[in-house]
Amino acid sequence: MLKNYLKIAIVVLRRRKFFTFISLFGISFTLTILIVLTAFIDKVVGDNYPDRKRDRSLYVNRLQEIGTRSGGINSSSGGMSFYFLNHYAGSLKTPAKLAISSNFNSTNTYVNNKKIVINYKYTNADFWDVLDFDFLEGKSFTKQQIDNGERVAVISAEIKKEYFGDEASVVGKYIEADNVQYRVSGVVKNVPITLYMIYSDIYLPYTVSKTDYNNSGYRGNYTGILLAGSKADISKIHQEYEQMVSRLPMESKDFDKIFSHAETFIKNYVSTGDEEKSGVAYAITAIGIFALLVMLLPTLNLVNINVTRIMERSSEIGVRKAFGASSKTLIYQFIVENLILTFLGGLIGVVLSSVILQIINSANLIANLELSLNFTVLFIGLLICLVFGLFSGVYPAWRMSKLNVVNALKMQ
Amino acid sequence: MISLQNIQKVYRTSTIETLALNSINLNIKKGEFLSVMGPSGCGKSTLLNIMGLLDAPSKGDINIDDQKLNNLSDKQLAQFRNKKLGFIFQSYHLINDLKVLDNVMLPLLYRNSSEKERKQSASEALGKVGLSNRVKHFPTQLSGGQKQRVAIARAIVGKPEIILADEPTGNLDSAMGNEVMDILLHLNKSEGTTIVMVTHDEHMAKKTHRLMRLFDGSQVQ
Ligand SMILES: Nc1ncnc2c1ncn2[C@@H]1O[C@H](COP(=O)(O)OP(=O)(O)O)[C@@H](O)[C@H]1O
Ligand SMILES: [Mg+2]
């Protein structure tokens, strides 16, 4: 019997090219979006190179000062100064280590008259302990080298290739950035730019920075990662940080409030916007609604198309019932039809997404981000397909089976 | 073979109540060819649908082959229709998505049979209506007379004992209509199939064994 259903389904789908096309398009398009989205999220959230200790790290990337007294509102927000992180965040008791690094800046450099854009970032020594970089050769710079203000650099594999070409080993060689020569101490595996607190092409000791890292203002362009000795310390550190911030003296009369938080990776990643409007809540709601829409609209649409299509075939339903099909048999028939359709759509979707992922990767739209279609994503995709197929088939099939034969035959 | 006792059918809508059939008593013998006539709206189709178990009467009993058929489940009704009954409709009701052969094979899908047996039976049935050369066509590629012959092939492919035909020649010109009528007469004679046919054509009705006239839901002859 199943073989017959399959045969009928294929005949019908081939004859109804327009409907088949619309349905396949809807399913495969939705699936593609979902798969690409999951691949992206999976990469950003799931692959944790080089911050592999994410579960016991707290991230500090913003400080906001607000003044409401003078009538209007004064506000200053963004990164923090090296001094603030080192002096205040560094004074907390519980954290085991504190990685401090600047936002990346870009500069031009020239190799054989070819211009290369290099992103550089300043770090402290803990940065290399908190994060687990994979060194392809050499090693990171030491605390001693930092304190001595040595001009040394850790560079990414990508910039090594761009700057030095195919040379096998570059440790000890010099790389020029901003008219300064830095001696390469190590080469690390690329970090995707989506991890903006960590990504860079070259990493330099903060002591060689031209801006004054002893400037005692709160605001600057550094961010920090607090590493806990164990997971249990996370909430304690979060509290300590809150208390430290609440005790901070105001920098000037213009301000009367200071906000800054040490948050887990996810919270930190999605938190945007200003303090009082709770960026986290916004972002989570927005992502949730988006995901729901992405999944719900095509499903409803598919159910709708199916109801219309099945009602269109009411005369066929009448005929089949008159010649001996029971309601149950007909429900099976329509569900099989839908499953085949969604399965085909799913297959197209998977192929389409791998092509799109390939394009995103090869175009290098997002620096160093290698998206891949992994098996979890594939499995989720196929599962969604199955749910689509059942959901969009069962309801119309059920409605159709309620149809009285005489009425079904009358409808044309 | 078919026995209707005191059949009544009332259609109720929110505004009106239509008495489509009123105390119909009818006995049809095995091998009989009965024609039903009457003005439009008098209840002919309703009568045929009730006989064909496509619709339930509001009152009364139906017996076919001494089997009382009032309270069968959906599945039992489907099986009964599949084995005992064949339908022919005025507007053919072929499935346009399926080829002629697949249309004819349709009733056999709902019983135990192999693909080979089904093809064989369908080809035979198409041979009986003279359409062996249209097997691979789609219904839309056929004339009205050819479509109705395909519909007859579909009705007889499962070798039912009873054929119910609702104005089978209603949409056809007289030449095609006569062809269809000849096939039905032949079927009745050679295979002993019991046939109930609704028609507006006195001439065709005269060729059958018995004529029943309906007026406003009641039997007048
Ligand atoms: N589904 C229905 N709902 C309400 N009234 C109906 C329905 N089907 C038929 N009727 C009414 O029942 C009467 C008999 O209809 P029908 O059996 O189709 O007549 P005929 O086939 O003799 O032309 C008509 O008055 C018709 O309007
Ligand atoms: Mg009628």
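So that the names make sense, note that chain A is the first sequence line, chain B the second, and so on, each numbered from 1.
- Considering every non-hydrogen atom in both B:Arg81 and A:Lys321, the closest pair reads NE-O, 3.0 Å.
- With a 4.5 angstrom heavy-atom cutoff, B:Asn112 does not touch chain A via any of its atoms.
- Considering every non-hydrogen atom in both A:Gly324 and B:Tyr110, the closest pair reads O-CB, 3.5 Å.
- For A:Arg320, the parts sitting under 4.5 Å from any heavy atom of chain B are the backbone and the side chain alike.
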Kindly indicate, with the supporting measurements, whether the criterion side-chain contact (heavy atoms from CB on, under 4.5 Å) is fulfilled by A:Val405 and B:Asp55.
CA-CA 7 Å; A:Val405 186; B:Asp55 209 352; over 6 Å; no

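- Few gaps surround NZ on B:Lys128; more than 12 heavy atoms of other groups in view lie less than 6.0 Å from it.
- Separating the OG atom in A:Ser315 from the CZ atom in B:Phe89 is a distance of 9.0 Å, to the nearest 0.5 Å.
- Within a 6.0 Å radius of CZ in A:Phe25, other residues, nucleotides and ligands contribute 12 heavy atoms or fewer.
- How far CZ of A:Arg313 is from CG of B:Asp97: 6.0 Å, rounded to the nearest 0.5 Å.
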Between B:Arg154 and A:Val319, does a side-chain contact (heavy atoms from CB on, under 4.5 Å) hold up when you go through it step by step?
CA-CA 11 Å; B:Arg154 178 179 62 187; A:Val319 169; 3.3 Å; yes

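- Interface remark: B:Gln76 contributes no atoms to any contact with chain A (heavy atom separation under 4.5 Å).
- Counting heavy-atom neighbours within 6.0 Å of B:His186 NE2, excluding the residue itself, gives a total of 12 or less.
- A 6.0 Å sphere centred on CD of A:Gln358 holds no more than 12 heavy atoms belonging to other residues, nucleotides or ligands.
- The number of heavy atoms from other shown groups lying within 6.0 Å of CG (B:Asp173) is above 12.
- Separation of atoms CG (A:Asn404) and CG (B:Leu54) is listed at 8.5 Å; rounding is to 0.5 Å.
- Across all non-hydrogen atoms, the minimal contact from A:Phe323 to B:Gly86 is CE2-CA, 4.3 Å.
- Remark: B:Glu115 CD is packed, more than 12 non-hydrogen atoms of other residues, nucleotides or ligands lying under 6.0 Å away.
- Only the side chain of B:Leu106 comes within less than 4.5 Å of a heavy atom in chain A; its backbone stays farther off.
- The neighbour count for A:Phe29 CZ, taken as heavy atoms of other residues, nucleotides or ligands under 6.0 Å away, does not exceed 12.
- B:Asp74 and A:Ser326 share no donor-acceptor pair across their side chains, judged by distance under 3.5 Å alone.
- Here the OG-CG distance, from A:Ser327 to B:Leu77, works out to 10.0 Å after rounding to the nearest 0.5 Å.
- Remark: B:Ser45 OG to A:Lys410 NZ distance equals 8.0 Å, nearest 0.5 Å.
- To the nearest 0.5 Å, atoms CD (A:Glu316) and CG (B:Asn103) are separated by 9.0 Å.
- There is no contact between B:Phe80 and chain A, counting heavy-atom distances below 4.5 Å.
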